[in-house]
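Numbers here simply count residues along the sequence, with the first being 1.
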Amino acid sequence: MLDIAKRTAIGAGALIIIPLIVWFSGWHWHPTGHPDWLKLMYWITETVTRPWGIITHVVLFAWFLWCLRFRLKPAIVLFAILGAAIVVGQYTKSFIKEQVQEPRPYVVWLEETHRVPASEFYTLDRKARGQVVHEQLKDNTDIPGWLRKHWQKETGFAFPSGHTMFAASWALLGVGLLWPRRRVVTIAVLLVWATGVMSSRMLLGMHWPRDLVVATLISWLLVTLATWIAQRLCGPLTPPVQEQREIAERDQETH
């Protein structure tokens, strides 16, 4: 358990570097035009947004299964554990959001520039909130249409970030489950992807840095527990002798 916690903590530490830098720098989000790279950040965030997030979940699970080489029964157990970690994270996020009720950055901006009080905005149901966003910004040429539609769809509270919890959970599951098999490239890709998702949430006006930091820490706790349970139910995470030889050969090829 301690070894799992240590390596997932290192992964979580890597993920929160950028949010912490942004947090302590005092950076404040404000819509400033629509550079081309912002659309790229939107597509990165879409890999976690339904329905694409479901596809991402299935693809990542299939890849994890291939990397771990589990048989059918352990695979079913692993799928249940990974799915439970993601689902519990999302329910935890929803519960905390309703308790804290923190406005999103773009909602605060609407209050400052369009006289739409955040307190009144959140008394409306989600459909009505989306309509308010549409009516207030339909003639605003400074905000691209795809971003307006994204805001219309994402009208919930900010703290903590559900997108971050999804991406961070998968990245940390990679660290927890795949590091013993030295799947370094997979882990690196997952960490970069999760960092991109987290950064996109700030740049698109959806979350404050603290939303990302707390979401990552919650994911770390859940993933550490899920990885430990996977090890208890599916057997040691260390690879068998034959696979250890393959890992050693891979390491030689990369050096």
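Between Leu172 atom CG and Thr216 atom OG1 the span is 7.5 Å, to the nearest 0.5 Å. Taking CG of Leu40 as the start and CD1 of Ile44 as the end, the distance is 4.5 Å to the nearest 0.5 Å. Note: Leu217 CG to Leu222 CG = 11.0 Å, rounded to the nearest 0.5 Å. Note that the CG atom of Asp3 and the NZ atom of Lys6 stand 6.0 Å from one another [nearest 0.5 Å]. Between atom CH2 of residue Trp63 and atom CG of residue Leu178 there is a gap of 9.5 Å, rounded to the nearest 0.5 Å. Taken to the nearest 0.5 Å, the CD1 atom of Ile218 stands 12.5 Å off from the CH2 atom of Trp220.
With contacts defined as side-chain heavy-atom distances shorter than 4.5 Å, the pair Met206/Asp211 does not qualify. Under the 4.5 Å side-chain criterion, counting only non-hydrogen atoms from C-beta, Leu173 is in contact with Trp170. Taking 4.5 Å as the limit, some side-chain heavy atom of Val197 sits within range of a side-chain heavy atom of Thr47. In this structure, Trp151 and Leu110 have side chains that are not in contact, with every pair of non-hydrogen atoms separated by 4.5 Å or more. Residues His207 and Pro19 form no side-chain contact, since every pair of their non-hydrogen atoms from C-beta on lies 4.5 Å or further apart.
Ring pair Phe166/His57 is tilted by interplanar angle, where 30° to 60° counts as tilted.
Within a 6.0 Å sphere centred on OH of Tyr91, heavy atoms belonging to other residues, nucleotides or ligands number 12 at most. For Lys149, the NZ atom is loosely surrounded, since the number of other residues' heavy atoms within 6.0 Å does not exceed 12. Residue Trp52 places its CH2 atom among 12 or fewer non-hydrogen atoms of other residues, nucleotides or ligands, all under 6.0 Å distant.
Taking Gln99 as the reference, Phe95 meet the side-chain contact (heavy atoms from CB on, under 4.5 Å) condition, with sequence neighbours excluded.
The backbone N or O of Thr155 sits less than 3.5 Å from a side-chain atom of Arg129, completing a donor-acceptor pair. In this structure, the side chain of Tyr42 does not engage the main chain of Trp37 through any donor-acceptor pair within 3.5 Å. For Gln101 (side chain) and Phe157 (main-chain N/O), no donor-acceptor pair under 3.5 Å exists by modelled atom type.
The minimum heavy-atom distance linking Trp27 with Met202 is given by the pair CH2-O, 3.9 Å. The two atoms that bring Ala194 and Ala167 nearest to each other are CB-O, 3.7 Å, heavy atoms only. Of all non-hydrogen atoms in Val223 and Ser169, the two that sit nearest each other are CG2-O, 3.5 Å. When all heavy atoms of Pro160 and Ile96 are compared, the pair lying nearest together is CD-CG2, 3.6 Å. Heavy atoms only, all atoms of each residue included: Trp208 and Pro103 are closest at NE1-O, 2.9 Å.
Applying the salt bridge (charged side-chain N to carboxylate O under 4.0 Å, His left out) test to residues at least two apart or on different chains, the pairs with a partner in residues 88-107 are Glu102-Arg210, Arg104-Glu154. The salt bridge (charged side-chain N to carboxylate O under 4.0 Å, His left out) pairs that include a residue from residues 109-127 number zero, where partners must be two or more places apart or lie in different chains.
Between Thr56 and the options Ile54, Leu60, Val59, a side chain to side chain contact (heavy atoms under 4.5 Å, CB included) holds for only Leu60. Each of Leu212, Ile16, Leu15 was evaluated against Thr195; a single residue qualifies, Leu15, per the side chain to side chain contact (heavy atoms under 4.5 Å, CB included) test.
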Is there a side-chain contact (heavy atoms from CB on, under 4.5 Å) between Val133 and Tyr106 once you walk through the steps? CA-CA 10 Å; Val133 175; Tyr106 84 82; 4.0 Å; yes
Under the criterion side-chain contact (heavy atoms from CB on, under 4.5 Å), I'd like the reasoning laid out for Met198 against Arg201: C-alpha separation, chi angles, the key distance, then a yes or no. CA-CA 5 Å; Met198 295 166 68; Arg201 304 311 286 162; 5.7 Å; no
Thr45/His150 under side-chain contact (heavy atoms from CB on, under 4.5 Å): CA gap, chis, key distance, verdict: CA-CA 10 Å; Thr45 218; His150 187 61; 4.1 Å; yes
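Residues Met41 and Ile143 are members of one and the same hydrophobic cluster, defined by side-chain heavy-atom contacts under 4.5 angstrom among Ile, Leu, Val, Met, Phe, Trp and Tyr. Val132 and Leu137 fall within a single hydrophobic cluster, where Ile, Leu, Val, Met, Phe, Trp and Tyr side chains are chained together by heavy-atom contacts under 4.5 Å. Under the 4.5 Å side-chain heavy-atom criterion for grouping Ile, Leu, Val, Met, Phe, Trp and Tyr, Val116 is connected to Val107 within one hydrophobic cluster. The same ILVMFWY cluster, assembled from side-chain heavy atoms under 4.5 Å apart, contains both Leu190 and Ile18. Both Trp29 and Phe121 sit in one connected hydrophobic cluster of ILVMFWY residues. Membership requires side-chain heavy atoms under 4.5 Å apart, directly or through other members.
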